[in-house]
Q: 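Provided herewith is a single structure, encoded as structure tokens, for subsequent inquiry.
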Amino acid sequence: MSELMARISRCRRQAKSLEPNADGRTRYRNAVVDYCDGFLNRLPDRPAYIQPGQELDVASISEQPMPVEKVLELFRSNIEDQGLCTVSGKFLGYIPPGGVYLSALGDYLAAVTNEFAGDPSVCPGAVQMERELLRWMMDIVGYPEAGLGILTSGGSLATLSAVVTAREAHKLTPGHHAKAVVYATGHTHHCLRKALHVAGMGGCVQKLVPMDACYRMDADALERMIEEDRGNGLYPWLLVGTAGTTDLGSIDPLEKLADIAVRDKLWFHVDGAYGGFFALCNSIRGKFSGIELADSVVMDPHKAMYTPYGLGALLVRNGELLYRAHVHTANYLQDSVEHGGGVAPFDLGIELTRHFRGPRLWLPLKVYGAAPFRAALEEKLLLARFAWERLNEMEGFETGPCPELSVVAFRYIPSSGQADAFNKRLLESLRKKGTIFLSSTIIDGRYMLRLAILSLRTHLETVELAIKLICDHVAELEPGISTNTAN
Ligand SMILES: *Cc1c(COP(=O)(O)O)cnc(C)c1O
């Protein structure tokens, strides 16, 4: 017995460093907080992108301890000092995220307390917090009391749950798949195709509905396609509208799509991963009308609500359907089932144990209220409008449609040679310099650059700098041409 005691006590001694005392906690916390403060102080001068050149050495994991300062140095040289800085205001590519400091502190709160937000009988308050956040989003959308939702790791996972809910609501079995039709556009996010594939529905009929000149789904064409498909013995099942496409920020005509979906009994899903929170902006609220009739909606707080990566949301108008599509039980969960407290989040999604996601959104929303978020989004809308107008006025530039949200597509038409090749070189040249970071896409077969204005830290001077740099690099690539930046 004493041999056993001795071993227990030896193990305990060896594991002791895992639980520092108050002094130890202060030391570690200060080291990390000091590092983060340094990061934020360096941020304004850091290029959005640093070409990863130097050899990576995050040091291998071994039995040996390493002082926290040394570990943070490895973090700096390997992670901070290389590649893309997503929280830089000069990150203007893809869909820029993150940046609210209180959101990071919310994550700290969540990680230290590590509440289990999957089950109201375990931590009712944590579940209530998530419910309130989801209720707030459902109010933005205009959902009735019967709505339910789930916080996910992002839009892709939320879309997977939406597809599964739509499948179960229509009682589709594998035998139906070959006749079940999904309607989307060429600008629908590819997470839809991925979700269908993962849900075992990759074999359903996936149709692309034509778009209008502003890259919004053509509702009349949709109607004709549905009618024709029905005539051909197919089963129109799922209609996916987008409130803010990734490429251009276009918003499909949601009201018309909702009417068609209701009349033709399709499941109507709206992808608002990027654009959904713009419904907070009074200036464009009307564009979202009809979203309240969607059967399901996806919104990503880790985009337009500026939380760190890892927060999406799925909202389902008839919450019962979300529940029925995900509920499963097990013996080891019997105590929870008997306890009550309303629907358990783990019965509304794919995950059982998951990140306590509420505080990263709840803390900033409670402390600041929603108004500053609305103002930040209005600012981005106006900045995008400003950038589009400037680029439009400038000699040699061609722009995409006037932005409905905050993405501006453009390209430069060189005096000679291929425009696609020129703009590829322009993007390369901007990335090499790194001060700002743009991304590209293909619109109607044309290579276009994208100025995606969403970062919390992107302001008027950032957009002016971006336009100036774009012109400088054009001039460098096309000597003899003077691009006029003055307005
Ligand atoms: C980003 C995005 C997604 C995917 O969401 P993730 O959070 O990256 O998984 C889906 N749809 C649209 C329109 C997006 O912009």
Side-chain angles (χ1 to χ4, degrees), residues 84 86-87 91-99 103 137 141 149-164 166 182-199 206 208 211 214-217 238-252 254 257 268-279 287-288 291 294 296-315 349-351 354-355 357 360-361 377 380-381 384 400 403-409 439-441 443 450-455:
L84 178 63
T86 69
V87 292
F91 171 35
L92 300 159
Y94 309 111
I95 303 286
S103 194
M137 293 182 223
V141 165
I150 183 80
L151 297 182
T152 67
S153 60
S156 299
L157 262 287
T159 302
L160 174 60
S161 265
V163 162
V164 169
V182 181
Y183 302 88
T185 73
H187 280 210
T188 304
H189 196 276
H190 76 287
C191 73
L192 171 68
R193 268 178 284 135
K194 211 164 168 178
L196 289 165
H197 169 72
V198 173
Q206 300 180 39
L208 295 185
M211 293 174 281
C214 292
Y215 301 90
R216 297 173 295 214
M217 188 184 281
L238 174 62
L239 169 60
V240 178
T242 304
T245 58
T246 309
D247 266 344
L248 295 171
S250 304
I251 303 174
D252 287 332
L254 303 177
L257 301 191
F268 181 33
H269 173 73
V270 172
D271 180 354
Y274 152 51
F277 285 104
F278 280 95
K287 289 177 193 275
F288 291 84
I291 196 171
S296 52
V297 174
V298 164
M299 300 167 89
D300 263 0
H302 69 197
K303 288 174 177 165
M305 288 299 289
Y306 305 121
T307 76
Y309 283 145
L311 189 58
L314 169 63
L315 314 174
I350 296 160
E351 298 166 291
R354 63 203 176 103
H355 185 114
R357 301 192 169 102
R360 45 174 37 208
L361 184 56
L377 293 177
K380 307 315 161 192
L381 290 173
E404 289 197 271
L405 294 179
S406 66
V407 181
V408 180
S439 62
S440 72
T441 190
I443 308 285
R450 289 169 70 261
L451 203 56
I453 299 170
L454 188 62
S455 169

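Atoms within each ligand, like the ligands themselves, are counted from 1 in listed order.
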Q: What is the closest protein heavy atom to atom 6 (P) of ligand 1, and at what distance does it sit?
A: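 Minimum-distance protein heavy atom for atom 6 (P) of ligand 1 reads G155 N, 3.4 Å.
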
Q: Hey, is the main chain of Y309 close enough, under 3.5 Å, to the side chain of H302 for a donor-acceptor pair?
A: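 Looks like no, no N/O pair under 3.5 Å.
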
Q: What atoms in ligand 1 come closer than 4.0 Å to a heavy atom of G154?
A: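 Answer, ordered by atom number: 7 (O).
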
Q: Students should be able to answer this: which protein heavy-atom is nearest to atom 13 (C) of ligand 1, and at what distance?
A: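 So the nearest neighbour among protein heavy atoms is T246 OG1, 3.3 Å.
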
Q: State, without any angle test, whether Y274 and S406 hold a side-chain donor-acceptor pair at a distance under 3.5 Å.
A: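 Distance-only check passes for Y274 and S406.
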
Q: Write out the residue and atom name of the closest protein heavy atom to atom 11 (N) of ligand 1, then the distance separating them to 0.1 Å.
A: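 Sorting protein heavy atoms by distance from atom 11 (N) of ligand 1 puts D271 OD2, 2.6 Å first.
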
Q: Keeping R354 on the side-chain end and L151 on the backbone end, is there a donor-acceptor pair under 3.5 Å?
A: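 Yes.
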
Q: Give a yes or no answer on whether the side chain of Y306 reaches the backbone of L454 with a donor-acceptor pair at less than 3.5 Å.
A: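 Pair found, side chain donor or acceptor close to backbone of L454.
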
Q: Looking only at distances, can you tell me whether any N or O atom of H302, backbone or side chain, sits closer than 3.5 Å to an N or O atom of ligand 1?
A: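 Yes, at least one N or O pair falls under 3.5 Å.
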
Q: Are any of the heavy atoms in G244 under 4.0 Å away from ligand 1?
A: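 So G244 counts as touching ligand 1.
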
Q: Checking side-chain polar atoms at under 3.5 Å, does R216 have a donor or acceptor matched by the opposite partner on S250?
A: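 No, no side-chain donor-acceptor pair sits under 3.5 Å.
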
Q: Considering heavy atoms of the protein only, find what lies nearest to atom 10 (C) of ligand 1 and give residue, atom and distance to 0.1 Å.
A: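 For this ligand atom, the closest protein heavy atom is H189 CG, 3.3 Å.
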
Q: To the nearest 0.1 Å, how far is atom 8 (O) of ligand 1 from its closest protein heavy atom, and which atom is that?
A: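 For atom 8 (O) of ligand 1, the nearest protein heavy atom is K303 NZ, 4.1 Å.
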
Q: For the pair S103 (side chain) and L361 (backbone), establish whether a donor and an acceptor sit closer than 3.5 Å, ignoring hydrogens and angles.
A: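 Looks like no, no N/O pair under 3.5 Å.
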
Q: Which of the numbered atoms in ligand 1 are below 4.0 angstrom from a heavy atom of A273?
A: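 The list of qualifying atoms is 2 (C), 3 (C), 10 (C), 11 (N), 12 (C), 14 (C).
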
Q: Among all protein heavy atoms, pick the one closest to atom 9 (O) of ligand 1 and tell me residue, atom and distance.
A: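 Looking at atom 9 (O) of ligand 1, the protein heavy atom closest to it is S156 OG, 2.6 Å.
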
Q: Taking M217 as the fixed residue, which of T242, T188, L239 is the one that meets the side chain to side chain contact (heavy atoms under 4.5 Å, CB included) rule?
A: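 Single side chain to side chain contact (heavy atoms under 4.5 Å, CB included) partner of M217 among T242, T188, L239: L239.
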
Q: Which ligand 1 atoms does D300 reach within 4.0 Å, using its non-hydrogen atoms?
A: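 In order of numbering, the contacting atoms are 5 (O), 6 (P), 7 (O).
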
Q: Could you list which atoms of ligand 1 come closer than 4.0 Å to a heavy atom of C191?
A: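 Near C191, meaning under 4.0 Å from one of its heavy atoms, ligand 1 has 10 (C).
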
Q: In terms of ring plane angle, is the pair Y215 and H187 parallel, tilted or perpendicular, where the classes change at 30° and 60°?
A: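 Correct class here is parallel.
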
